[in-house]
There are 2 protein chains.
Amino acid sequence: MLVPPKKNQYALRAIFELAKHMDQGPVKISDIATAQSIPLRFLEVILNQLKASGIVDSKRGFHGGYFLVKPPNQVSVGDVLRFLSRDLSPRDCIACVSKISCPFDGRCAFSSMWIRVKEAAFSIYDETSFQDLIDQEQDAGWSSEQ
Amino acid sequence: MLVPPKKNQYALRAIFELAKHMDQGPVKISDIATAQSIPLRFLEVILNQLKASGIVDSKRGFHGGYFLVKPPNQVSVGDVLRFLSRDLSPRDCIACVSKISCPFDGRCAFSSMWIRVKEAAFSIYDETSFQDLIDQEQDAGWSSEQ
DNA sequence: AATATTCCCGACTATTAAAGTCGGGAATAA
DNA sequence: TTATTCCCGACTTTAATAGTCGGGAATATT
């Protein structure tokens, strides 16, 4: 219930991978897919969608690939997740049951609680930049000394 | 992505309804279903399942129905949600991608963030008792003066 | 120009979880 | 004995997620 859909996780991991290769030229989808164990064709779809967020951009052709638009310390997990929850999922709603058919028209005892949870979560997401994630990985010694 | 499944919402609303009728004898499923706009047959399943949590109990027959075992100030939203996320959903995992096939075996840069989010959410859930919800509803003047 | 490479686009399928239903049986009280 | 109410297990439906595919368009190399 608190676990983001795989698509979101893939998106985050892909961007994480791009962050690790900042300023090293575009990274190929296939490389990202391999490094992060993401189904290739699915990742194509995801990354392509992410371009609309302005977080990543791409270049086609020979030395083509994806790259981060801004440096990793200026991109947060919140930026990504917020973008991905736009349009998407009619079930998603700010507070109560469902935007479309809340039987209580928002006057429901739970709504303030749902809102507070959402805010708490996004406050963490917003405070977590991809640079932070890179640093953490290195501090933990997982960076698989390339 | 942060919105609990309908089943969980139904469960919470049903218990909320029971809380409002504490010490007034068992409440019939059909009454709860009406009051809270929950599909009757579905609610049967949900409440019956909740008995295993020890939060509610039931009585059959003429003046049968469901009732809360403990007073509303001793039951929290966290109690309910924690119970409902047991067994359930193989996708659910504490931290990373999926308990079954995390490609990073838990050594993933995101895991600590997921954990913190989960903790933040449950800290709110745990602090919210059904008595609190009743009070809030009354303070807000939604209690539809019976 | 020709070619290899890489992203791009749209539609399509598959899988799974969630949501909801149903018939009939068992307890309980009037 | 009857009305009522929960109980049980299996079933169906719906919708979201996940993933695939063929072929086209840009780009750089030779």
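We name chains A, B, ... by the order of the sequence lines, and we start the count at 1 in each one. If you're wondering where the values come from, they're calculated on a predicted model, not measured in any experiment.
- Note: CD (A/Q49) to C1' (C/dC9) measures 12 Å, nearest angstrom.
- Summarising the geometry, the separation between CG on B/L43 and C1' on C/dC22 is reported as 16 Å, rounded to the nearest angstrom.
- Look at B/Y10 and you won't find any side-chain N or O under 4.0 angstrom from OP1 or OP2 of C/dA19.
- Remark: P of D/dT5 and CD1 of B/I32 are 12 Å apart, rounded to the nearest angstrom.
- Distances shown here put every side-chain N or O of B/K7 at or beyond 4.0 Å from the OP1 or OP2 atom of C/dA19.
- In this structure, A/N48 reaches the C/dC9 phosphate: one of its side-chain N or O atoms is under 4.0 Å from OP1 or OP2.
- Residue B/P39 places its side chain closer to C/dT21 than to any other of C/dT21, D/dC7, D/dC6.
- One finds the CG atom of A/N8 at 11.0 Å from the CZ atom of A/F83 (value rounded to the nearest 0.5 Å).
- Closest heavy-atom contact between A/A11 and A/L84: CB-CD1, 3.7 Å.
- If you measure from atom CG of A/L40 to atom C1' of C/dT5, you get 14 Å, rounded to the nearest angstrom.
- Among residue pairs with one or both ends in residues 28-45 of chain A, those qualifying as salt bridge (Lys or Arg N to Asp or Glu O under 4.0 Å) are A/R41-A/E44; sequence neighbours excluded.
- Between the CD atom of A/Q9 and the P atom of D/dG19 there is a distance of 11 Å, rounded to whole Å.
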Can you check each nucleotide of nucleotides 24-30 of chain C against protein heavy atoms at under 4.0 Å and return B for base, S for sugar-phosphate only, - for none, in 5' to 3' order?
BBBBBBS
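- Protein atom CG of A/L50 is 12 Å distant from nucleotide atom P of C/dC8, rounded to whole Å.
- Across all non-hydrogen atoms, the minimal contact from A/I124 to B/M113 is CG2-CG, 3.9 Å.
- Straight-line distance from the CZ atom of B/F42 to the P atom of D/dT13: 16 Å, rounded to whole Å.
- For B/S58, a side-chain nitrogen or oxygen approaches OP1 or OP2 of D/dC7 to under 4.0 Å.
- We find that CG of B/N8 is positioned 15 Å from P of C/dA17, with the value rounded to whole Å.
- Of the inter-residue distances, the one linking A/Q24 atom CD with A/F67 atom CZ reads 14.0 Å to the nearest 0.5 angstrom.
- Within the model, atoms CD of A/E17 and NE2 of A/H21 stand 5.5 Å from one another, a figure rounded to the nearest 0.5 Å.
- OP1 or OP2 of D/dA18 has not a single side-chain nitrogen or oxygen of A/K6 nearer than 4.0 Å.
- Between the CG atom of B/N48 and the CD1 atom of B/I29 there is a distance of 8.0 Å, given to the nearest 0.5 Å.
- Among the heavy atoms of the strands lying under 4.0 Å from A/I29 are primed sugar atoms or P, OP1, OP2 only; no base atom is included.
- The side chain of B/Y66 lies closest to D/dC6 when the candidates are D/dT20, C/dC8, D/dC6.
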